[in-house]
Amino acid sequence: MALLLRFVLLCGVADFTRSLSITTPEQMIEKARGETAYLPCKFTLSPEDQGPLDIEWLISPADNQVVDQVIILYSGDKMYDDYYPDLKGRVHFTSNDLKSGDASINVTNLQLSDIGTYQCKVKKAPGVANKKFQLVVLVKPSGTRCYVDGSEEIGNDFKLKCEPKEGSLPLQYEWQKLSDSQKLPTSWLSEMASSIISVKNASSEYSGTYSCTVRNRVGSDQCLLRLNVVPPSNKAGLIAGAIIGILLALVLIGLIIFCCHKKRREEKYEKEVHHDIREDVPPPKSRTSTARSYIGSNHSSLGSMSPSNMEGYSKTQYNQVPSEDFERTPQSPTLPPAKFKHPYKTDGTTVV
C-alpha cells in the first residue's frame, strides 16, 4: 500500500513538472559596474497550460532590509517597468515575443545598489515556475598609482608601492621590469605578486622602469614606475646651508624687531615733548578781564578818597577808555593836590 502511494505521488510530480517549466538553471552572475547584465529565463509550456501568460521579475536587495519587489511585469499582453524606482529605465525584456518562451531581461548601467537576488516567475494556468539568480556587481581596478616610498639612494632601504584608487576585492598584483635584461634580486621574487616591494641596501643596478598590473574578476589596470638609484647626496653641505639660512632669518627678524622698537620710542618721545610745550604756555588774557581789572583798580582808588578829594578828582577825565592794547599797564589818574584849611588862626586861636 505504501509503495502504491509513493508511485502515485511520483507520477503526480512528474505530470506537474511536464507542465510549465523554466529550463535555465539557477546561477550567479558577475559583472562590472557600468556594464549590462543579462539574466536568462527560458521556459517551456505544456498543452495543459491554457491560461493567460504572466511573467514577473522580482528583486531581493543584498541588504535584506526590503522585501521582494517587482521590477518588471508582463500581464495581459502589456509590459510594466515602473515598479522599482532604482531600476526604472534600466531593465528591459530581451525578447519582443515573450510567448515564444524567452522571459530573459537586461539590466543596463549596473550600480553597486543592483546587487541582490533576482527571481523569474512564470505563470500560465495551471502551470507555475520560478528560478532565482544571484547578481554580483564588481568594480574594476582604476586610478592605479605607482610610487617610491623613501629616498632612492645607493645603500638605502625604500619601498615600491602599487595602489589602485578603487577596485573590488580580491585583487591580484603583478610586477615586471621593463627596461634592460638585468635580473631582479632574489629577495624581490616573493613580493612580485604583492602591492609592496621592500628594497634593502639599494644599488644602481635596481634602476629602471617597472610596471604593476592590478586585476580582479572583472577587469585590470596598470601603472608605470621609473626607479633611479643615485649616489648619496652631500648631507653635510645641506645641513650647513640649512643652519646658515636659519641664522640669517634670525638676524633679519632681530633687525625688524629693533627697528620697530626704535620707531615706537621716537613716536613716544615726540608725543611727550609736544605735551610739555603745550603745558608751559600760559593761556591768553581776554580783553574783558583786562578791562574789568582796569575799572576795578580805579574804583579801589576812588574808595580810598575823602569827600574833600572827590572835588578835585571830579575834574579829571574819568571817562577815559583804555586802549585796545591790553598788554600795556594802565596808568592811575593824576589827582590835583588837595586844599586843607589850617586849624589855627594866625593869631594862635583855635578854629571850631
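From a predicted model like this one, the values you see are computed outputs, not experimental measurements.
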request  = Only counting residues at least two apart or in another chain, list the ones meeting side chain to side chain contact (heavy atoms under 4.5 Å, CB included) with K159.
outcome  =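 K159: side chain to side chain contact (heavy atoms under 4.5 Å, CB included) contacts with D149, K161, I196, S198.
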
Do [X] and [Y] touch side chain to side chain, with heavy atoms closer than 4.5 Å?
| X | Y | result |
| --- | --- | --- |
| S168 | V218 | no |
| V199 | L227 | no |
| I71 | Y118 | yes |
| V229 | S203 | no |
| C223 | R145 | no |

request  = Give the C-alpha distance, both sets of side-chain angles, the deciding distance and a yes or no for side chain to side chain contact (heavy atoms under 4.5 Å, CB included) between R226 and T209.
outcome  = CA-CA 4 Å; R226 174 62 186 175; T209 302; 3.5 Å; yes

task = Please test T213 against E174 for side-chain hydrogen bond (donor to acceptor under 3.5 Å, both in side chains), starting from the C-alpha separation and ending with a verdict.
result = CA-CA 5 Å; T213 303; E174 181 182 358; 5.3 Å; no

Grab the two heavy atoms, one from [X] and one from [Y], that are nearest each other, plus how far apart they are.
| X | Y | value |
| --- | --- | --- |
| F133 | K131 | CE1-O, 3.8 Å |
| S95 | S100 | OG-OG, 4.1 Å |
| I72 | V91 | CD1-O, 4.0 Å |
| K140 | A32 | CE-CB, 3.7 Å |
| Y173 | S194 | CB-O, 3.6 Å |
| S19 | D49 | C-OD2, 3.7 Å |

With rounding to the nearest 0.5 Å, note down the distance linking [atom1] in [X] to [atom2] in [Y].
| X | Y | atom1 | atom2 | value |
| --- | --- | --- | --- | --- |
| I115 | K31 | CD1 | NZ | 14.5 Å |
| L58 | Y83 | CG | OH | 11.0 Å |
| L169 | L138 | CG | CG | 10.0 Å |
| N106 | L39 | CG | CG | 7.5 Å |
| T144 | K165 | OG1 | NZ | 11.0 Å |
| I256 | H261 | CD1 | NE2 | 16.0 Å |

Under the 3.5 angstrom rule, does the side chain of [X] hit a backbone N or O of [Y] as a donor-acceptor pair?
| X | Y | result |
| --- | --- | --- |
| D221 | G143 | yes |
| T94 | S104 | yes |
| E152 | N228 | yes |
| S60 | D68 | no |
| T24 | K42 | yes |
| D82 | P85 | no |
| T36 | T108 | no |
| Q111 | N109 | yes |
| D81 | H92 | no |

task = Look at atom CG of D97 and say whether more than 12 heavy atoms of other residues, nucleotides or ligands are closer to it than 6.0 Å.
result =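 Buried by this count: over 12 neighbours within 6.0 Å.
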
inquiry  = Tell me whether E30 at atom CD has more than 12 heavy atoms from other residues, nucleotides or ligands lying less than 6.0 Å away.
reply    =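 Atom CD in E30 is crowded, with more than 12 foreign heavy atoms closer than 6.0 Å.
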
query = Would I59 and W57 count as a side chain to side chain contact (heavy atoms under 4.5 Å, CB included) if you check the C-alpha gap in whole Å, the side-chain angles of each, and the deciding distance to 0.1 Å?
reply = CA-CA 7 Å; I59 181 175; W57 277 91; over 6 Å; no

Can [Y] be reached from [X] by stepping across I, L, V, M, F, W or Y side chains whose heavy atoms are under 4.5 Å apart?
| X | Y | answer |
| --- | --- | --- |
| L73 | V107 | no |
| I29 | L110 | yes |
| W188 | V148 | yes |
| Y147 | L178 | no |
| I154 | Y206 | yes |

task = Would you indicate whether C212 and C162 have their SG atoms under 2.5 Å apart?
result = yes

Just list the side-chain donor-acceptor pairs under 3.5 Å for residues 120-130, sequence neighbours left out, or say none.
residue: K124; atom: NZ; partner: G51; partner atom: O; Å: 2.6

query = Between R90 and D114, is there a salt bridge with N-O shorter than 4.0 Å?
reply =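 R90 and D114: salt-bridged.
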
task = Take the angle between the ring planes of F93 and Y74 and call it parallel below 30°, perpendicular above 60°, tilted in between.
result =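 Perpendicular: the ring planes of F93 and Y74 meet at over 60°.
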
ask   = Should L160 and C146 be marked as a side chain to side chain contact (heavy atoms under 4.5 Å, CB included) after you check the CA-CA gap, both sets of side-chain angles, and the distance that decides it?
value = CA-CA 7 Å; L160 308 182; C146 295; over 6 Å; no

